[in-house]
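Report on one structure; see the data block that follows.
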Amino acid sequence: MDRLENFKIQIIIILAAEAVLNGLLYFFGFSSMGIVFTACLLFNAMLIVWVIVRYERDKKNRDIDISRVLGRDAKDALIFGKTGIIIYDEQYNVTWINDFLEEKGINLIGKRLSNWNPILNDLFTGDVDVVKIKDEDSVYEITRKEDAQVLYVKDITEFDTINSKYQEERLVLGLMHLDNYMDISQYEDEAKISLMNSTLRQPLVEWAKKYGMATRRLRSDRYLVILDEQIFAEILKDKFSILNLVRNNATANGVAVTLSMVFARGSSDLQMLDTMVNDLLELAQSRGGDQVAVKVYGGDVKYYGGNSEAQEKRSRVRVRVMAQAIKEAILDVKRVFIVGHKNMDFDCMGSCLCMSRICAANAKEVYIVSESGGIEPQLDNAMHVYAPVLNDRHHFITEEEAMNIASKDDLVIAVDFHNPNHCNAPQILNFVDKVIVIDHHRRSEAFIDNPLLVYVETSASSVSELVTEFIPYSSSRLDLSEAEATIMYLGILIDTNRFKQRTGSRTFEAAAALRKMGVDPIEAENLLKEDFIDFEAKTNIMKYGKLVFGNMIVAAVDNNEIISRTMMSQVADYLLNIKGIEASFVIAKTAENVVAVSARSRGVVNVQLIMEAMHGGGHFTAAALSRDDTSVAAINEELMATIKKSTEEENENESNLTE
């Protein structure tokens, strides 16, 4: 093209010179010579026309054939290999394409590359090195050659079709489990069991059959399902509406049965998928059931559903077995360290005190690691009130002191948490080999590694309730003082918002047992009373409250004031007393560079799912979030978007149920 352009310019220059010379000949009277030059001028004019026509034709369809550059074999090889070449100018206009693209009917000469497909612009902005586009029935992979105005086009239609088919047909393994079905069915008559089977189990089989899954019943309440990625995409699009169907059928029948489903994906190793689904089912059930847990191999667990509270399902037999197992573990070691979560509250401290007395009753050296990780102000005040009694009966130490006396063979009992990131003494937790976990929070994916025993009961109001049930099975020498029982009672009282939330029959039984041990409810209430300064602080927080989404209140305290987590949770609880409010959120700074959220619910809105979506956690009706290096405004904006998304998904689920 450069040579043609230069040739054209040269011809024009010569033509102009001849015209000037011809004019001078006529001017000076050399007419005969002028006739000759005129003929030459006409010839040159015709030559110019020929050059222009040749140039325009060459611009549309370059006469440079790849066979002239690389030979006929190379040209045929590119066609055989389904590879195209595109050459473009500085304005990204196509100046030449090879025969392969012409045979595919791709006519780009003289056109901008973006006119073919806008995604090609990504190649020139440097965002990507390779793009994939679809043109009619073909798929092409396009690569840009560095330091050159050349694109390589590879026809990958066949590979893309095979790959898509492979991805759609990849194996997905799943389990469907009817929560509480076996516990309920063993006490029902045949008519009720038959009704449960027709309204709960049969819909599962029909739902699986509708989508083409292979099902196999493993036991009366559990089914193995085998499907592929294409089927999984369909049930994901359907938002797992079977959860709503089972829940509503169970409610209509008057039974507390829900459905838990888990799916393992992303691996061709069947043993790996089998391990994944079993772990996922344990995870889903420890979170309260009534939800779907999905995991791609190597990825994080995603949860769907979870729209009901965990049902009380632990039995006296399970409590006795767990109490005996914990006792045997205690007897097998020399010393025991009891740890809790950061910023210990009444429930955490109460369960620590009870487990300390259980260990002491079994004549073991026991320490409560409570002098590290922080403590809530009201609990700190109560500990000072009861210090003379508690200091005589317990050893309260720091994490550093624990590390100085601990050995690998000792035992750690972790209470009121299961996420190692929440531990108030992470060094001792990681150092000791034997760990027992006792918790009542819905289980998250982050869990203490290789615990010796796990007792996670999400249906329990508090860990104080759980450990109170251990007392009759622990030791005849076990006794609790009035101070210890009062702190445990306060743990139950606060976690249930004064017995208004997350309470079952076992909760009141535990409270009654503690009352027999000397709890004075009036004194307990006095320990929770606030002074005028705290009352004023709560009032100042509540003035930031704003009604959102019709039934929720968000109080975002953006005045840079440092507020304690206890104060935030108390305000969130108080906001639920407002008529028509189903959920409350308090956002504030808890340290100079830390912003926290305290979330509460009456039981209709699952605040745990909202907080988990923001990388927090907690319960169905009580959850929280803490994040470093951010602002109240940023967390508030993220919370609004998360609530909106959660509300939209819930509405979609209801629409699916209606359909």
Side-chain angles (χ1 to χ4, degrees), residues 1-13 47-170 229-230 233:
M1 290 183 66
D2 291 340
R3 289 198 299 269
L4 287 172
E5 195 68 28
N6 293 333
F7 182 57
K8 179 180 177 182
I9 294 173
Q10 292 171 7
I11 291 297
I12 293 173
I13 294 174
L47 183 61
I48 289 174
V49 172
W50 177 81
V51 169
I52 293 175
V53 172
R54 173 76 177 273
Y55 174 78
E56 293 298 333
R57 185 178 62 190
D58 187 62
K59 183 178 181 181
K60 293 183 179 179
N61 188 7
R62 302 297 295 169
D63 194 35
I64 305 174
D65 192 280
I66 195 169
S67 61
R68 295 172 54 190
V69 180
L70 301 176
R72 170 64 62 179
D73 293 340
K75 173 184 174 181
D76 294 340
L78 289 176
I79 295 176
F80 177 79
K82 299 181 180 181
T83 302
I85 299 176
I86 299 175
I87 298 177
Y88 57 92
D89 59 20
E90 290 80 1
Q91 286 74 40
Y92 304 107
N93 295 315
V94 178
T95 59
W96 179 79
I97 61 176
N98 69 334
D99 293 353
F100 170 73
L101 296 177
E102 290 181 350
E103 292 179 1
K104 298 289 288 186
I106 301 175
N107 185 16
L108 299 176
I109 301 296
K111 300 178 181 178
R112 290 183 65 86
L113 284 167
S114 58
N115 292 341
W116 185 26
N117 197 305
I119 199 175
L120 291 173
N121 290 328
D122 295 341
L123 286 173
F124 307 117
T125 58
D127 295 337
V128 294
D129 297 324
V130 179
V131 297
K132 187 172 75 171
I133 68 171
K134 187 172 183 179
D135 184 75
E136 295 182 352
D137 296 330
S138 299
V139 181
Y140 301 99
E141 185 180 81
I142 303 176
T143 306
R144 176 174 174 262
K145 187 178 186 302
E146 294 184 4
D147 303 325
Q149 296 171 336
V150 178
L151 297 180
Y152 298 116
V153 183
K154 176 67 177 174
D155 187 344
I156 60 169
T157 305
E158 185 177 353
F159 170 79
D160 187 74
T161 301
I162 295 173
N163 184 61
S164 298
K165 195 68 174 175
Y166 167 73
Q167 295 297 335
E168 291 176 353
E169 294 180 351
R170 293 192 72 180
E229 289 287 352
Q230 186 175 11

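When a residue number appears, it is its place in the shown sequence, counting from 1.
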Indicate yes or no: at least one non-hydrogen side-chain atom of [X] is less than 4.5 angstrom from one of [Y].
{"X": "I97", "Y": "I109", "value": "yes"}
{"X": "R170", "Y": "E229", "value": "yes"}
{"X": "K111", "Y": "V94", "value": "no"}
{"X": "T83", "Y": "D155", "value": "no"}

Problem set entry | Donor-acceptor pair, side chain of T143 and main chain of V130, under 3.5 angstrom |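 Pair absent, no side-chain N/O of T143 close to backbone of V130.
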Exercise. With distance as the sole test, does N98 use its side chain to make a donor-acceptor pair with the main-chain N or O of I85 at under 3.5 Å?
Worked result: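 Yes, the answer is positive, given that a donor and an acceptor are paired below the 3.5 Å cut-off.
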Spatial distance of atom [atom1] ([X]) from atom [atom2] ([Y]) [nearest 0.5 Å]:
{"X": "W116", "Y": "Y140", "atom1": "CH2", "atom2": "OH", "answer": "6.5 Å"}
{"X": "T157", "Y": "D137", "atom1": "OG1", "atom2": "CG", "answer": "8.5 Å"}
{"X": "L101", "Y": "I106", "atom1": "CG", "atom2": "CD1", "answer": "5.0 Å"}
{"X": "I119", "Y": "S114", "atom1": "CD1", "atom2": "OG", "answer": "13.0 Å"}
{"X": "Y88", "Y": "L108", "atom1": "OH", "atom2": "CG", "answer": "13.5 Å"}
{"X": "Q230", "Y": "E169", "atom1": "CD", "atom2": "CD", "answer": "8.0 Å"}

Exercise. Using 4.0 Å as the upper bound for N to carboxylate O, is an ion pair formed by K132 and D160?
Worked result: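 Counted as a salt bridge, because a side-chain N and a carboxylate O are separated by less than 4.0 Å.
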Exercise. Quick check: are there more than 12 heavy atoms from other residues, nucleotides or ligands sitting under 6.0 Å from CD of Q149?
Worked result: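 Yes - once you tally the heavy atoms of other residues, nucleotides and ligands closer than 6.0 Å, there are more than 12.
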For this session: Among L151, L120, I86, V150, find the one that has a side-chain contact (heavy atoms from CB on, under 4.5 Å) with R144.
Result: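 With R144 as partner, L151, L120, I86, V150 yield a single side-chain contact (heavy atoms from CB on, under 4.5 Å), made by L151.
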